[in-house]
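Step one of this worksheet: look at the structure below.
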Amino acid sequence: MTVRTRFAPSPTGFLHVGGARTALFNWLFARKHGGQFILRIEDTDEKRNTAEANQVIFDGLNWLGLDWDEGPDKGGDYGPYRQSERNAVYEKHLAVLEAGGHVYEDEGAIRFRSPRKMVVVEDMVCGRIEFDMSNPATHPDMTIRRPDGSWIFHFVNVVDDIEMKLTHVIRGEDHLSNTPKHIELYNALGATPPKFGHIPLILNHEGKKLSKRDGGSSITYFMDLGYTPEAVINYLCLLGWSPGENRERLDVAEIRELFDLEHINRRNAIFDLDKCFWLNGQHILAMSLERFVQLAKPFVDKAGIPYGTEAALLPALAIVKPKVKHLSDVPDWIGFLFTEDFAMDAEAVEKSLKKPGAAARLEALSEAFATVTDWAHASLETTLKATATTLGIKTGEMVHPARVALSGRSVGPGLYEMIEVLGKDRTLARLERAKSLAAE
RNA sequence: GACCCUAUCGUCCAGCGGUUAGGACACCGCCCUUUCACGGCGGUAACACGGGUUCGAAUCCCGUUAGGGUCGCCA
């Protein structure tokens, strides 16, 4: 039997990190077992259903690299993959329930009559759980269709999972208590329930369910701020799951190989942006320059950095890659390399250039650099340090004014690498120009 | 309220009857260093509580407490 899993979001215009993690676990499980991953849009609530809201889901999943085999945009043997287009399917299954005497009308709505028995859930994550469904007061018959003919989640969700031949349903723990009801529905429809796996929830710093208002609760947040998909995937999978051996940084290929439902724990997890941030830096550090360029270039383009050709952009990105944490910081970090009209940070100028003797140091450095023939970071470093020694000052006392003079900022890529990329002419010109700003 | 799930450093995860309770983020020192970052070394910091079972419990059982979830004509 081929494994088939799904992600079934409702289009709210927002891809929640919890939803993204659910999608990730389903995707991992399917990929690990050579199965199929299906995307189904649960848009029975027509108010929320807009093209933009659908697009947010596609964009988020695509960005994360979670590809689906069947879905609204891809088609497949069990479509359509939007619930709003599946009315005939639901009518058909309702007829089955009616024929079996499983439903009744109540004020125009249709309810499912519970068999009122004990239901056992054999959960892949939680283990065996028994639910006593015998008391109608505590487990009322669920509505499956509204008087206006629209369908209720529980019913269409189960029908679609049957029709789409899903074998494993991995979802948030908030559905655990709904599962016995779903199983009753499977039974009444004459279908075998899939295997269920309920994963713990993601909480905010207050320990409450992560909501829209919480920073970092939307995948768009990570996309906009310049997180890498590899870091977000990595962080998300570490929330509630562990590959063992205290592994932290993992790439998707490793995760696909190591992932298993057995090592998912049962505790809700609090989302920690700090660790995700750290992981992002780790991934940027470890990735190839090609990948970094691919990820960073859109941010550079958006900021309108006039770098000219990509060949000119490459060295700039190369010197920034070891240090940058957010892709969205890249434009600020490289902008000064592509214009003579770069901003001089007032605080940095005050701290490094307005020091007595700064002008003389820049002058000395300028003279020393003018004689350098091998314009490479190693010899530039040697030259700068020798100049500092000659003047009887510490290296740092030369480095700081130089950095501010050349880039206008006190933070950025490594100084010598940056000077190398800048080139001799521009370096000398900027040192000259900065002398007028510097204290005598 | 009923039912279900959960309970190890501030946070994420190891541990699955015998450990000086381990790693990571964050935090604090020190080192390296041109700032930031990276890297290295070290530090603070946890088994919710009470009963059992056992020669021996973070690990197994029960209770209490706390947190989360479900009980919709939301999904």
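Here is the naming used below: chain letters follow the sequence lines, and residue numbers restart at 1 for every chain. Remember, predicted model here, so these are calculated numbers, not experimental data.
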Roughly how many Å is it from CG in Asn268(A) to P in U6(B), rounded to a whole number?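 Value for this atom pair: 11 Å.
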What is the distance, rounded to the nearest whole Å, between atom CG of Leu422(A) and atom P of U34(B)?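 Between P of U34(B) and CG of Leu422(A): 20 Å.
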Can you identify which nucleotide, out of [options], has its nearest atom closest to the [X] side chain?
X	options	answer
Trp278(A)	U70(B), C12(B), A26(B)	A26(B)
Ile270(A)	C12(B), A75(B), G22(B)	C12(B)
Val411(A)	G69(B), C36(B), U11(B)	C36(B)
His154(A)	A75(B), C25(B), C38(B)	A75(B)
Leu415(A)	U34(B), A26(B), A75(B)	U34(B)
Ile129(A)	C73(B), C5(B), G68(B)	C5(B)

Using Watson-Crick or G-U wobble geometry with both distances under 3.5 Å, which nucleotide pairs with [N]?
N	result
U64(B)	A48(B)
G39(B)	C31(B)
A24(B)	U11(B)
C71(B)	G1(B)
G56(B)	none

Start at the 5' end of RNA chain B and walk down; is the nucleotide closest to Cys126(A) or to Lys181(A) reached first?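 It is Cys126(A), whose closest nucleotide lies nearer the 5' terminus.
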For Ser242(A) and Val324(A), find the nucleotide of RNA chain B closest to each by heavy atoms; which residue's nucleotide sits nearer the 5' end? Ser242(A)
Distance, [atom1] atom - from [M] to [N], rounded to whole angstrom:
N	M	atom1	result
C55(B)	G22(B)	C1'	27 Å
G10(B)	C27(B)	C1'	9 Å
A7(B)	C49(B)	C1'	11 Å
G68(B)	C36(B)	C1'	40 Å
C60(B)	A2(B)	C1'	28 Å

Between [N] and [X], is there an OP1 or OP2 to side-chain N/O distance shorter than 4.0 Å?
X	N	value
Lys209(A)	G68(B)	no
Arg171(A)	A75(B)	no
Arg267(A)	A14(B)	no

Any N or O donor-acceptor pair linking the side chain of Lys323(A) to the base of C38(B) at under 3.5 Å?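 Looking at the base of C38(B), it does not pair with any donor or acceptor on the side chain of Lys323(A) (distance under 3.5 Å).
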Salt-bridge test for Glu173(A) and Arg266(A): reply yes if a basic N is under 4.0 Å from a carboxylate O, no otherwise. yes
Taking the basic N atoms (NZ, or NE/NH1/NH2) and the acidic carboxylate oxygens, is any pair closer than 4.0 Å for Arg430(A) and Glu432(A)?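 No, no charged N to carboxylate O under 4.0 Å.
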